[in-house]
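In the text below, chain A, chain B and the rest are named by the order of the sequence lines, each starting its count at 1.
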Protein chains: 2
Amino acid sequence: MTFQPTLNRPIAGTPGIPMYLVGAAQDARSIYHDGSEIYGEGEPAGSLYMVEFGCVRIGRFTREGRRQVCGFSYAGDIFGWESESEHRFFAEAVGYSGIRVLRPSRDAEACAKLFPLVIQNLTRFQEHLLVLGKTIVDERLAAFLCDLADRQGGVSQVELPMTRSDIADYLGVSFETVSRILRRFRDQGFVHVPDIHSIEILDRPGLEAVCRR
Amino acid sequence: MTFQPTLNRPIAGTPGIPMYLVGAAQDARSIYHDGSEIYGEGEPAGSLYMVEFGCVRIGRFTREGRRQVCGFSYAGDIFGWESESEHRFFAEAVGYSGIRVLRPSRDAEACAKLFPLVIQNLTRFQEHLLVLGKTIVDERLAAFLCDLADRQGGVSQVELPMTRSDIADYLGVSFETVSRILRRFRDQGFVHVPDIHSIEILDRPGLEAVCRR
DNA sequence: CGATAATTTGATCCGAATCAATTCTAGTGG
DNA sequence: CCACTAGAATTGATTCGGATCAAATTATCG
């Protein structure tokens with residue numbers, strides 16, 4: 001996994017990132033390499049994590065060993081919210097990633113500041129629920145690409161730090177299908193795929209139309 | 001839609017319901033009949049809602065008119081969290097339902113009290129994401145039934161206030177498939193279906209095994 | 001009781017999973 | 001720097017599950 005310059009944008013000034021969470025004295029920074037675990041299912045929870053650069057996948061393994069990914073976090077995103085004392089999901093770095101560990105206090109002030117961030121997370125999951133509810137898989141992949149573009153600042157040049165399997169486990173399809181639909185989007189002129197971890201969106205309205213079907 | 005006695009359990013004393021949210025002077029109570037709208041997509045947001053009895057479905061319509069349901073709320077549940085000033089989803093009563101409108105203050109104290117509830121909501125959506133990620137639809141329906149049983153207090157006699165179409169739109173399948181799989185579960189001895197809006201779970205371990213596949 | 005909606009069940013078709021083989025990519029050590 | 005290797009990605013062939021279309025039955029409500 002190569003270095004991802006776009007995802008490595010500076011934290012300060014990035015929209016939506018609460019400055020009061022950045023740089024507190026007790027916060028620790030860590031670098032993770034591709035695939036390394038940030039926390040595992042069943043481990044004690046309590047901290048929050050902020051992606052400084054790179055990407056993180058959140059998910060779980062079924063009894064049968066099938067992996068399911070329920071979300072990706074990008075630079076500026078905060079993850080690790082848990083209602084129990086144990087993590088119910090794992091978190092792993094996707095590519096070379098920098099993570100800051102936050103230990104927010106439990107007081108009312110901190111809750112108030114974190115509140116809009118949880119709600120944002122909630123909304124994001126809710127939106128993804130609707131994506132997974134779509135029976136035609138083209139619609140799911142189109143929605144994924146549009147979301148990815150939006151979260152990278154609305155640029156047409158989108159980076160895909162995750163593998164096709166990651167995307168597949170996120171969209172609830174096989175990785176072969178992800179590959180095939182991406183191919184179809186290329187043939188239809190929706191996207192250009194300069195290399196395996198980049199996508200250029202050529203026809204955003206076209207992609208949006210696929211989502212809305 | 002008939003009255004649902006089990007879902008009509010008293011609020012006070014029900015685990016997980018914050019007493020400080022109940023009975024505030026400015027809170028309003030409303031009764032909704034089956035299918036009536038509590039709020040619509042695009043309406044101004046701001047309040048929270050608590051189900052006193054009955055059931056609520058949260059969802060959205062696609063451009064094409066297909067309905068997608070992203071969650072059900074039961075007695076004691078709070079819904080209506082929004083990150084924007086407008087509702088991004090609709091909320092409709094499923095059967096005869098009582099809803100209390102809460103107008104929590106924006107101060108830090110209130111946020112701190114609401115915090116665990118949002119996180120619980122977040123976790124619930126996250127769990128449902130994993131359900132929707134399952135490719136075999138039997139697993140989705142089994143997971144739905146187990147969740148329903150748990151949220152009605154772990155009883156084996158489960159009430160289904162929603163229609164087959166509601167379930168279908170929630171699980172991302174056709175309503176015919178819901179009907180067929182329910183039939184299969186009956187034939188396999190997992191459940192007994194005394195009437196159209198009730199299910200008795202005869203073999204919970206068996207159902208769990210289906211989820212875990 | 002009658003009308004309308006919800007549900008069940010059947011038949012057919014299509015899309016995506018699966019199995020399989022090849023090509024491509026990235027990381028390793030010579 | 002380049003050959004080597006393991007994993008990732010693509011592409012093809014086949015199978016199977018669930019959507020869709022259709023019809024009959026059952027609930028629900030005025």
| request: Quickly work out the A/Asp195 CG to C/dT25 P distance and round it to whole Å. | output: 9 Å
| message | Using whole Å, what does the distance between atom P of nucleotide D/dG7 and atom CG of A/Asp166 come to? | response | 16 Å
| message | Among C/dT18, D/dA19, D/dT28, which nucleotide has an atom closest to any side-chain atom of B/Ser174? | response | D/dA19
| query | Are the charged groups of B/Arg180 and B/Glu176 less than 4.0 angstrom apart, N to O? | reply | no
| remark: Per atom distances to the A/Ser179 side chain, the nearest of C/dA20, C/dT7, D/dA9 is D/dA9
| OP1 or OP2 of C/dA16 sitting under 4.0 Å from any side-chain N/O of A/Arg180? | no
| request: Could you please name the option among C/dA17, C/dT8, D/dA9 that lies closest to any side-chain atom of A/Ile196? | output: D/dA9
| query | So, B/Phe90 versus B/Tyr39, ring centres under 6.0 angstrom or not? | reply | no
| request: Could you tell me whether A/Val173 contacts a base, only the sugar-phosphate backbone, or nothing, with contacts defined as non-hydrogen atoms closer than 4.0 Å? | output: sugar-phosphate
| query | Below 4.0 angstrom from OP1 or OP2 of C/dA6, is there any side-chain N or O of B/Thr163? | reply | no
| Does B/Arg164 have a side-chain nitrogen or oxygen under 4.0 Å from the phosphate oxygens OP1 or OP2 of C/dT8? | yes
| Atom pair distance, as rounded to whole Å: CZ in B/Phe175 and P in D/dC21 | 11 Å
| query | Roughly how many Å is it from CZ in A/Arg184 to P in D/dT11, rounded to a whole number? | reply | 12 Å
| field | side-chain N/O A/Thr177 vs C/dA17 OP1/OP2, d < 4.0 Å | value | yes
| message | Without decimals, in angstroms, what is the distance between A/Ile167 CD1 and D/dT10 C1'? | response | 14 Å
| request: Please state how far atom CG in A/Leu171 lies from atom P in C/dA17, giving the value in whole angstrom units. | output: 11 Å
| request: Measure the distance from CG on A/Asp169 to C1' on C/dA17 and round it to the nearest whole Å. | output: 14 Å
| Pairing of B/Arg60 and A/Glu127 as salt bridge, 4.0 angstrom limit | yes
| query | Is B/Arg151 salt-bridged to B/Asp77, cutoff N-O under 4.0 Å? | reply | yes
| task | Calculate the interatomic distance between B/Leu182 atom CG and D/dG18 atom P; express it in whole Å. | result | 14 Å
| Is the ring centre of B/His128 less than 6.0 Å from the ring centre of B/Tyr170? | yes
| note | Nearest-nucleotide check on DNA chain D, A/Ser165 vs B/Ile181; residue mapping nearer the 5' end is A/Ser165
